[in-house]
2 protein chains.
Amino acid sequence: MRRSNLALVLRHLRDAGPRSRARIAVETGLNRGTVSSLTAELIDRGLVREGDVERGGSVGRPGQTVELDGRGIGGIGVEINVDYVTAVVLNLSNAVVFEHRVALDVQALPAEAVLDAVTELAIRALAECDERQVTPVGMTLAVPALVDTDDGVVAFAPNLHWTKVDAVSGLRRRLDGHTPGFWGSLPRRHSAIQVDNDANLAALGEFAMGSRAGTADLVYLTGETGVGGGVMVDGRLLRGAAGFSGEIGHMPLNPGGDLCGCGRRGCWETMVGLAALLRMAATPDDPVCDPSLDLEQRLSMLSGRADAGEPRTLDALKLVGEALGLGASILVNVFNPRVLVLGGYFASLGDYLLEPMLAELHARVIAPDACEVALSTLGFTAAARGGAHVALEAVLDDPTLVALRHTP
Amino acid sequence: MRRSNLALVLRHLRDAGPRSRARIAVETGLNRGTVSSLTAELIDRGLVREGDVERGGSVGRPGQTVELDGRGIGGIGVEINVDYVTAVVLNLSNAVVFEHRVALDVQALPAEAVLDAVTELAIRALAECDERQVTPVGMTLAVPALVDTDDGVVAFAPNLHWTKVDAVSGLRRRLDGHTPGFWGSLPRRHSAIQVDNDANLAALGEFAMGSRAGTADLVYLTGETGVGGGVMVDGRLLRGAAGFSGEIGHMPLNPGGDLCGCGRRGCWETMVGLAALLRMAATPDDPVCDPSLDLEQRLSMLSGRADAGEPRTLDALKLVGEALGLGASILVNVFNPRVLVLGGYFASLGDYLLEPMLAELHARVIAPDACEVALSTLGFTAAARGGAHVALEAVLDDPTLVALRHTP
DNA sequence: CTAATTTGTCCGTTAGCCGGACAAATTAAG
DNA sequence: CTTAATTTGTCCGGCTAACGGACAAATTAG
């Protein structure tokens, strides 16, 4: 009961911003005395601090505001992708404490070697936490894969060539062996290290700190090699019975269409995946198809051509935009989200994709006042940020995880 | 706190069946004394009764079991469909107290006249409650429409020709005027009368009392004139931001396909709706297409032909089954449900649809151990039952809604 | 028949929220 | 400038309800 009320006040402070105790009491329905007691405890745990005094508001004694003090708590998110590994540390206020990216040819390396690299990155993140006096409360790994979140096992990651990799145990073991001082600062809770699907975490990242943060019903689409999706339903992440939800890349939208990597024809991915865009926008011997280029180089080339008005590129983007709207209409009809966020390359090239996409979407969505479409502002870091956010959620759910400073 | 623990025990008793107080205490984590006190209160509210004594279990004093006593509480569900109105009363144990169906050409009547008919049916249901000493706790209207559940307004029901019909107010007003004795027995809570989408409620009905009752992640598909869908996510109904989720009939799966009633081409509905089946299985002058027939008559004719091995009918069912699997694969990949329940005519003709559907589904679903497919056993009453269940949920959420018998 | 075990109830203890009282700090009015 | 009014934050008593332990009752094993 106490726990749940502490969480209530802490969340309210995060969502609604700094305010006086009396106001919190009115807004949460708790008693003023109770709020005083709760905030005192939160202050003692270092999660909240007193801020300015509300002056000149109206008649009466001015209120002493209290506000979230996220500086002392950090959540770590690490994303493993095809050609890089990224780590982000966010504090409770969602401010970036640490961010680092390492290029890594994950497909070419055994999973163990990748976990070694992840460990190295995690240790750097933990060192930064230590230096900045940030207490790490958890770490989440984002992987482009079907993940068993309960066991912390990556079941199947086609793009990484991983099958049944026990990522959580592997990471825990490495951190245990390596400099126990750092690991000692991560709590021993079972859930202190987690793994999850990257698109799911990216959706959470958008929900936590994207341009439309806090939108309870949100669909996130990301365009990379394939197409990924993550869905927030009523403020909670949709996971499905086995945690395998959001597999939207293989919706069969074009019966006689192109062959997909999955062996079938006409999957959405064959219409809006990066490969489809390249195929339509360029011949195979075009420089943009050079296999030594990475994603961002390709995108800047395409973007440059589109800006220059190159017709083939513009045509390709229009077709991809229409196909994007076609598939998105299904998701919008099924989920009725408030907003659809486009990430990955859909965001990078959004200026050109948005118009044809919206036309198709509006033509096909049943519900009036169809949902808005927004471009992600988190770039390629959404998943790592979502991972960090998941770790922080544990504290917002149960503030007593953070130790008291003074003995009571 | 008390309320939430009363609800906890009551739900546990419903979900897990009769058992001793000591066992409830162990299973819920509550203290034995607390459970004694809670069950005493639930018994006093007439929601629970003492049952058999557990004999011969093991050493020790045998336990006095307590069990859900749903007989005194009733939830009312009323379904408005194109050609009939159905009312169902369920008690807390999900047993049918009352069930009645009235044929009604809803499209031909003004909404006010339909609400009159609904009121008449509701009054009969309330009378039956009165006679059987069942206390009604709420009523839910199921409508094939986009519904604003907060305001109780039917926003748009194409098949009924309804737009912006304030169904809850209309029904409340009629019941207020009519025999206040009956209405008096319905609580005055704002939420005592609700409206919701029929497919959503049917999904809830399957979740509450279908063959796979209690499956937290469940997708329900119903084939009637169109195709409807309702989704349970983690034990809760998916509603979407505006309550317009589950619009799956118009997924564009066949770009150059047939013209749909919505004005577009190749919607799923044009491949698996009843009209599609009839078109493929019979010529327009075939007796089965006679407009004076109702749904069930048509289905029994088709079913008879299939049983007799009529080739055109079998071919049509195979094609529909495949198209069903095609669209269902999208839903399964997106939601990763534990089970997919087929209702409406999909259930009636399930024997012939299932095989081609499963073949298509298994070929297209990404996740291993793809979800099961079950045929609904609730027939065409799933939505009304789901509505009754919604009304009953209020009591399971807050048992104190039911008055105490003895003064404490 | 006795010991062991399990159940259900009773009772004292404790956690924690609520309501009211009160001092402090401010604005509005005279 | 003074006084009244208002609002805030804290403190204290009261109350609800869960918990833990004790105990009688009812049963099985030996």
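Residue numbering restarts at 1 for every chain, and letters A, B, ... go by the order of the sequence lines. Since we're looking at a predicted model, the values are computed, not measured.
Residues A/Glu27 and A/Arg19 are paired through a salt bridge, judged by an N-O separation under 4.0 Å between the basic side chain and the carboxylate. Between B/Arg239 and B/Asp196, at least one side-chain N (NZ, or NE/NH1/NH2) sits under 4.0 Å from a carboxylate O, which counts as a salt bridge. One finds no salt bridge joining A/Arg3 and A/Asp397 here, because no Lys/Arg side-chain nitrogen approaches an Asp/Glu carboxylate oxygen to under 4.0 Å. The residues B/Glu50 and B/Arg21 are annotated as salt-bridged, a charged nitrogen and a carboxylate oxygen being separated by less than 4.0 angstrom.
If you measure from atom CD of A/Gln64 to atom P of D/dT7, you get 19 Å, rounded to the nearest angstrom. Across the protein-nucleic acid pair, A/Leu30 atom CG and C/dG19 atom C1' stand 14 Å apart, rounded to whole Å. Between B/Met1 atom CE and C/dC18 atom P the separation is 13 Å, expressed in whole Å. Counting to the nearest Å, the C1' atom of D/dG9 and the CD atom of A/Glu54 are 13 Å from each other. A/Arg2 places its CZ atom 18 Å from the P atom of D/dA18, with the value rounded to the nearest Å. A straight line from CD of B/Glu41 to C1' of D/dT16 spans 12 Å, rounded to a whole angstrom.
Heavy atoms of other residues, nucleotides or ligands lying less than 6.0 angstrom from CG of A/Asp52 number 12 at most.
Counting only heavy atoms from C-beta outward, the side chains of B/Glu206 and B/His389 never approach each other to under 4.5 Å.
Comparing A/Val53 and B/Thr65, the nucleotide of DNA chain C nearest to each residue sits closer to the 5' end for B/Thr65. With DNA chain D read from its 5' end, the first of the two nearest nucleotides for B/Leu38 and A/Gly33 is the one closest to A/Gly33. Comparing A/Arg61 and B/Thr34 by the nucleotide of DNA chain D whose heavy atom lies nearest to each, the residue mapping closer to the 5' end is A/Arg61.
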Review point. Can A/Asp234 and A/Arg236 be said to form a salt bridge (charged side-chain N to carboxylate O under 4.0 Å, His left out), step by step?
Key: CA-CA 6 Å; A/Asp234 207 14; A/Arg236 296 164 3 136; over 6 Å; no

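Contact annotation: A/Ser36 reaches the phosphate of D/dT10 (side-chain N/O to OP1 or OP2, under 4.0 Å). The phosphate of D/dA18 has OP1 or OP2 within less than 4.0 Å of a side-chain N or O from B/Asn5.
Of the candidates D/dC19, C/dG19, D/dT7, the closest approach to any side-chain atom of B/Asn31 belongs to D/dC19.
Looking at heavy-atom distances under 4.0 Å, B/Arg32 makes contact with a base.
Residues from residues 18-26 of chain B with heavy atoms under 4.0 angstrom of DNA chain C, sorted by number: B/Ser20, B/Arg21, B/Ala22.
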